[in-house]
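Since the model is a prediction, treat every value here as computed from it, not as a measurement. Atoms within a ligand are numbered from 1 in the order they appear, just like the ligands themselves. Sequence positions, counted from 1, serve as the residue numbers for this chain.
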Amino acid sequence: MVIDQLRSDFERLQEDLQQAPILPNVTAEEIRSHLASRYDFGKKMTLDEVILDVEQMLRKWQVQVTHPRYFGLFNPSVTLASVIADTLVAMYNPQLANWRTSPAANEIERHTLGWLSRKFGLPAESIATFTSGGMEANLSAVVVALTSAFPDYGENGIRSISAAPAIYLTEEAHHGYNKIAHITGLGRRAIRTVATTTDLKMDLADLERRVAEDRRNGFAPFLVVGTAGTTGTGVIDPLPEIADFCRRSGLWFHTDAAWGGAAILSPKLKHHLAGIEASDSITCDAHKWFSVPMGAGMFFCRHPDAVAQAFRADVTYMAGKKTGPVFDPLTTSVQWSRRFIGLKLFLALAQHGESGYVDMIEHQASMGDLLRESLIASGWRVLNRTPLPLVCFTRDGLDVLRFLENLRERQIAWMSPVEVGGIPAVRACVTSFRTTESDVRQVVDEINSLSCLDSAEVVSHV
Ligand SMILES: *Cc1c(COP(=O)(O)O)cnc(C)c1O
């Protein structure tokens, strides 16, 4: 059975990866000449032959983001259930543009999203959809918020809005909003960068000041983005205060919880997301801390009518009118033909249960705590404050890029550079549920013995 084969391949891969390099040493030329020499598609190959070659390429020529010592961007290790789900989806190829073609798939998604929507504390009438990722979910938020604030936007476009609309977020927010402002026709200058307090959270006083000033100057503020788990430093904006300000000021409150949203399942962590229940809309990625393969984002919105208005579409060639309490995803989301994205989250949730997810999330959080404490104990300075497993660290005189080069050369771990309040630092995020205590201890020991640290001073504990 295909599942048994997948299971054994999957387990073999996990074992092999432990021994394999975390990152590749390859040039584009090397890959291009390999492809050019083998694949002019003139002669047929057996499937086994191609698969073998492709697997070898993937083994050798990529950063192994599912490696337990990949402490990188929010790319997770994936569960077997989610891999099997993606395979099943490809085999049956359900079409999720409308309800009628794929009733089972549509209802499985609705069921899964409804469960998570309740966890976030959104009201029962809220609507949600699976997206390609956080970017599409954030784009959906901006389009829905725009449509809701400026009813003419849909028919007559941005130019019909007399005052230029403005979006408020911090420098720590995801930089994709610049692209979204570009794509929607708002223009990149519609983004207002609100100041942060010393702990990198949105400064409410500055938010209020900017909104008032923009209104005085004839702009049209309409949306505030609060981030729950910023990409660089894992910081959570003051969601209750932003929610309160948005309510008083008639602004749309979007919470971007692309990575951090999963913490809502954890009894230990969820209080850090308090205020998220007051969001007008939420972005949360399944392909980050829910540990399923890319691309699986989610968009939640408490105003189903606003969503229906933003994504309305008349189609004459789709068979059958909707009957009963169902909707066609193409009329409530950006995509048209769409893959059955939600099965991987459903299958993984069903297999592991909520408690399995809680264990996984809390394990990663505690590995983050261990990493943070071990680094501090050996003289590193941690620059960010977050309950989430993301640690930004440095020490006096550290050459961050040289340090990272050393880490990579010795295959100690994959980490990335970051700037925290203008200070260059190393960013390490526990993104794999397979990261163990001994992985963390090994990494810290090896880091501490790097010779490139000789010139950097050991500072006393923070
Ligand atoms: C990752 C991320 C995004 C973008 O999501 P993709 O899934 O990469 O499209 C947006 N916002 C935040 C806070 C993120 O961490």
J.: As a check for students: among Met298, His174, Glu172, identify the option with a heavy atom nearest to atom 10 (C) of ligand 1.
T.: His174

J.: For ligand 1, is any non-hydrogen atom under 4.0 Å from Thr283's backbone (N, CA, C, O), its side chain (CB onward), both, or neither?
T.: neither

J.: For Tyr92, I'd like to know if atom OH has over 12 heavy atoms of other residues, nucleotides or ligands within 6.0 Å.
T.: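 Counting other residues, nucleotides and ligands, OH of Tyr92 stays at 12 neighbours or fewer.
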
J.: Tell me whether Arg408 forms a cation-pi arrangement with Trp414, defined as NZ or CZ under 6.0 Å from the six-membered ring centre and within 45 degrees of its axis.
T.: yes

J.: Who are the salt bridge (charged side-chain N to carboxylate O under 4.0 Å, His left out) partners of Asp285, not counting sequence neighbours?
T.: Lys288

J.: Of the backbone atoms (N, CA, C, O) and the side-chain heavy atoms from C-beta on, which set of Glu136 has a member under 4.0 Å from an atom of ligand 1: side chain, backbone, both, or neither?
T.: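 Answer for Glu136: neither.
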
J.: Is it true that atom CZ of Arg248 has more than 12 heavy atoms of other residues, nucleotides or ligands lying nearer than 6.0 Å?
T.: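 Yes.
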
J.: For ligand 1, does Met294 get within less than 4.0 Å through its side chain, its backbone, both, or neither, judged by non-hydrogen atoms?
T.: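 No part of Met294 comes within reach of ligand 1.
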
J.: Within the 4.0 Å heavy-atom shell around Gly134, which atoms of ligand 1 are there?
T.: 5 (O), 6 (P), 7 (O), 9 (O)

J.: Compute the shortest N/O to N/O distance between Met135 and ligand 1 and return yes if it is under 3.5 Å, no if not.
T.: yes

J.: Between His303 and Asp280, does any side-chain donor sit less than 3.5 Å from a side-chain acceptor?
T.: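 Yes.
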
J.: Can you tell me how far apart CH2 (Trp61) and CD (Glu30) are? Round to the nearest 0.5 Å.
T.: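 Nearest 0.5 Å value for the CH2-CD distance: 5.5 Å.
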
J.: Which ligand 1 atoms does Phe74 reach within 4.0 Å, using its non-hydrogen atoms?
T.: 15 (O)

J.: Should you measure from each heavy atom of Gly133, which atoms of ligand 1 turn up under 4.0 Å away?
T.: 7 (O), 9 (O)

